[in-house]
Amino acid sequence: MNKIKIIGFDADDTLWVNEPVYHRAEDKLKKILSNYINDCDIESEQYKTEVKNIKLFGYGVKGFTLSMIETATRLTEGRITSTEIMKIIDLGKEMLQTPIELIDDVESVLQELSGNYKLIVATKGDLLDQRKKLMASGLEKYFDHIEVMSEKDPKSYERLLTNLNIAPEQFIMIGNSMRSDVLSVLEMGSNAIHVPYKTTWKREQVDSEVMNKYDFHSVKSI
């Protein structure tokens, strides 16, 4: 840690609760579609639609909502009504207005670190939504820089560090996602601490065999 000048924090499910909001929306989508579908894994179908649409919509609630509408239309073979589509749109609006729930002990950790290191947020998602969540969280005052990234891969982190004018070994990333917050950072020569959350989006999960190839820190809680 003597070499570290900047500590990066992921936002969703690292600073505040996020993934359960999506699970609740999927449960409500199931209820909307229950009049049409009995024997179907709606979560898997929604996931396939989301992944397919990432290059077009990016990450976040808005793209998720559009994917819910597409999934519902496809699974019902176009029989879903405009009233039910409006219910799905309302689900998206509800997600965007969900109150922020901080992860336990986050603020005390930020208070302790902010006097000794430059802290930044490095997160994926919709720019407007992520900035609104950060403001609502009350944590914005601890961070010197906010980076909302379209993707969290090694090249994106390299551009971030270039803009921050620091070397890879002077940076450490803290987050719940093995793929985005840990492996991508390690691959470009920086450091990472994995803080698991109770539930992680399928696309961000990594096989244990892959994880074992890398040297990183893992802690039970922030």
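Numbering of residues begins at 1 and proceeds along the displayed sequence. The shown structure was predicted, so the numbers you read here are calculated from the model rather than taken from an experiment.
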Check: Can we say K30 and E43 salt-bridge, meaning some charged N sits less than 4.0 Å from an Asp/Glu carboxylate O?
Finding: yes

Next item on the list: Using the salt bridge (charged side-chain N to carboxylate O under 4.0 Å, His left out) rule, collect all pairs that involve residues 67-77, keeping only residues at least two apart or in two chains.
Entry: E45-R74, K52-E70

Check: CD1/I4 to CD/E169 distance, rounded to the nearest 0.5 angstrom?
Finding: 8.5 Å

Margin query: Within the structure provided, determine whether Q46 and M68 are in side-chain contact (heavy-atom separation under 4.5 Å).
Written below: yes

Notebook entry, point to check: Closest approach of T14 and G175, non-hydrogen atoms and distance?
Noted result: OG1-CA, 3.4 Å

Checklist line | Any T98 side-chain heavy atom under 4.5 Å of R24 side chain | finding: yes

Notebook entry, point to check: Same cluster for V21 and M135 if Ile/Leu/Val/Met/Phe/Trp/Tyr side chains link at under 4.5 Å?
Noted result: no

Margin query: Are M149 and Y59 linked, directly or through intermediate hydrophobic residues, by side-chain heavy-atom contacts shorter than 4.5 Å (ILVMFWY only)?
Written below: no

Notebook entry, point to check: Would you say the side chain of Q130 lies within less than 4.5 Å of the side chain of D12, judging by non-hydrogen atoms?
Noted result: yes

Notebook entry, point to check: Going only through I, L, V, M, F, W and Y residues with side-chain contacts under 4.5 Å, is there a path from L56 to V61?
Noted result: no

Check: Would a distance-only check, ignoring hydrogens and angles, find a side-chain to backbone donor-acceptor pair under 3.5 Å from N176 to V195?
Finding: no

Notebook entry, point to check: What pairs meet the side chain to side chain donor-acceptor pair (under 3.5 Å) rule with one or both residues in residues 86-95, with sequence neighbours excluded?
Noted result: K28-E94

Notebook entry, point to check: In terms of heavy-atom contacts, does NE2 of H23 have more than 12 from other residues, nucleotides or ligands at under 6.0 Å?
Noted result: yes

Next item on the list: Rounded to the nearest 0.5 Å, what's the gap from CG on L183 to CZ on F216? Could you check?
Entry: 7.0 Å

Notebook entry, point to check: Can you name the nearest heavy-atom pair linking T123 to K152, along with the distance?
Noted result: CA-NZ, 3.9 Å

Notebook entry, point to check: Between L161 and M188, is any pair of side-chain heavy atoms under 4.5 Å apart?
Noted result: yes

Check: Is atom CD of E112 surrounded by more than 12 heavy atoms (other residues, nucleotides or ligands) closer than 6.0 Å?
Finding: no

Next item on the list: Could you tell me which non-hydrogen atom of T49 sits nearest to which non-hydrogen atom of S67, and how far apart they are?
Entry: CG2-O, 3.7 Å

Note to self: Assess, by modelled atom type and distance only, whether the side chains of E107 and Y142 contain a donor and an acceptor separated by less than 3.5 Å.
What the structure shows: yes

Next item on the list: Please lay out, stage by stage, how D10 and M173 fare under the test side chain to side chain contact (heavy atoms under 4.5 Å, CB included).
Entry: CA-CA 8 Å; D10 175 48; M173 184 68 188; 4.0 Å; yes

Note to self: Can you tell me how far apart CH2 (W201) and OH (Y22) are? Round to the nearest 0.5 Å.
What the structure shows: 8.5 Å

Next item on the list: Nearest 0.5 Å please: distance from the CD1 atom of I37 over to the CD1 atom of I80.
Entry: 8.5 Å

Checklist line | N165, CG atom: more than 12 neighbouring heavy atoms under 6.0 Å | finding: no

Notebook entry, point to check: Is L75 linked to I88 within one hydrophobic cluster, defined over Ile, Leu, Val, Met, Phe, Trp and Tyr using a side-chain heavy-atom separation of less than 4.5 Å?
Noted result: yes

Margin query: A side-chain contact here means heavy atoms from C-beta on lying under 4.5 Å apart; do L160 and H145 qualify?
Written below: yes

Note to self: To check you understand the geometry: which heavy-atom pair defines the closest contact between L29 and L91, and what is its length?
What the structure shows: N-CD1, 4.0 Å

Notebook entry, point to check: Can you list the steps and then say if E147 with I120 is a side chain to side chain contact (heavy atoms under 4.5 Å, CB included)?
Noted result: CA-CA 8 Å; E147 190 82 10; I120 71 167; 5.7 Å; no

Notebook entry, point to check: Would L102 and L139 count as a side chain to side chain contact (heavy atoms under 4.5 Å, CB included) if you check the C-alpha gap in whole Å, the side-chain angles of each, and the deciding distance to 0.1 Å?
Noted result: CA-CA 9 Å; L102 295 181; L139 302 177; 3.6 Å; yes

Margin query: Under a 3.5 Å cutoff, is there a donor and acceptor pairing between the side chains of R159 and S156?
Written below: yes

Next item on the list: Check the surroundings of atom CD in E101: do more than 12 heavy atoms from other residues, nucleotides or ligands lie under 6.0 Å from it?
Entry: no

Next item on the list: Mind listing the closest non-hydrogen atom pair of I222 and V109 along with its distance?
Entry: O-CG2, 3.4 Å

Item checked: Main-chain N/O of F171 paired with N191 side-chain donor or acceptor, under 3.5 Å -> yes

Check: Listed by chain and number, what are the salt bridge (Lys or Arg N to Asp or Glu O under 4.0 Å) partners of D13, not counting sequence neighbours?
Finding: none

Check: Honestly curious: do V106 and I172 fall in one hydrophobic cluster under the side-chain, below-4.5 Å linking rule?
Finding: yes

Note to self: Please report the interatomic distance CD(E84) to OG1(T73), rounded to the nearest 0.5 Å.
What the structure shows: 10.5 Å

Margin query: So which atom in P168 and which in S190 form the shortest heavy-atom distance, rounded to 0.1 Å?
Written below: O-OG, 2.6 Å

Note to self: Working to the nearest 0.5 angstrom, can you tell me the gap between E26 CD and F64 CZ?
What the structure shows: 4.5 Å

Margin query: Please check this pair: side chain of H194 against backbone of H217, looking for a donor-acceptor N/O pair closer than 3.5 Å.
Written below: no

Check: Is the closest side-chain heavy-atom distance between N53 and L66 below 4.5 Å?
Finding: no

Check: How about I89 and I69: do any of their side-chain heavy atoms sit closer than 4.5 Å?
Finding: yes

Checklist line | Residue pair L96, K132: steps toward the side chain to side chain contact (heavy atoms under 4.5 Å, CB included) verdict | finding: CA-CA 9 Å; L96 290 169; K132 282 175 61 180; 5.5 Å; no

Check: Do S114 side-chain atoms and F143 backbone N/O form a donor-acceptor pair below 3.5 Å?
Finding: no

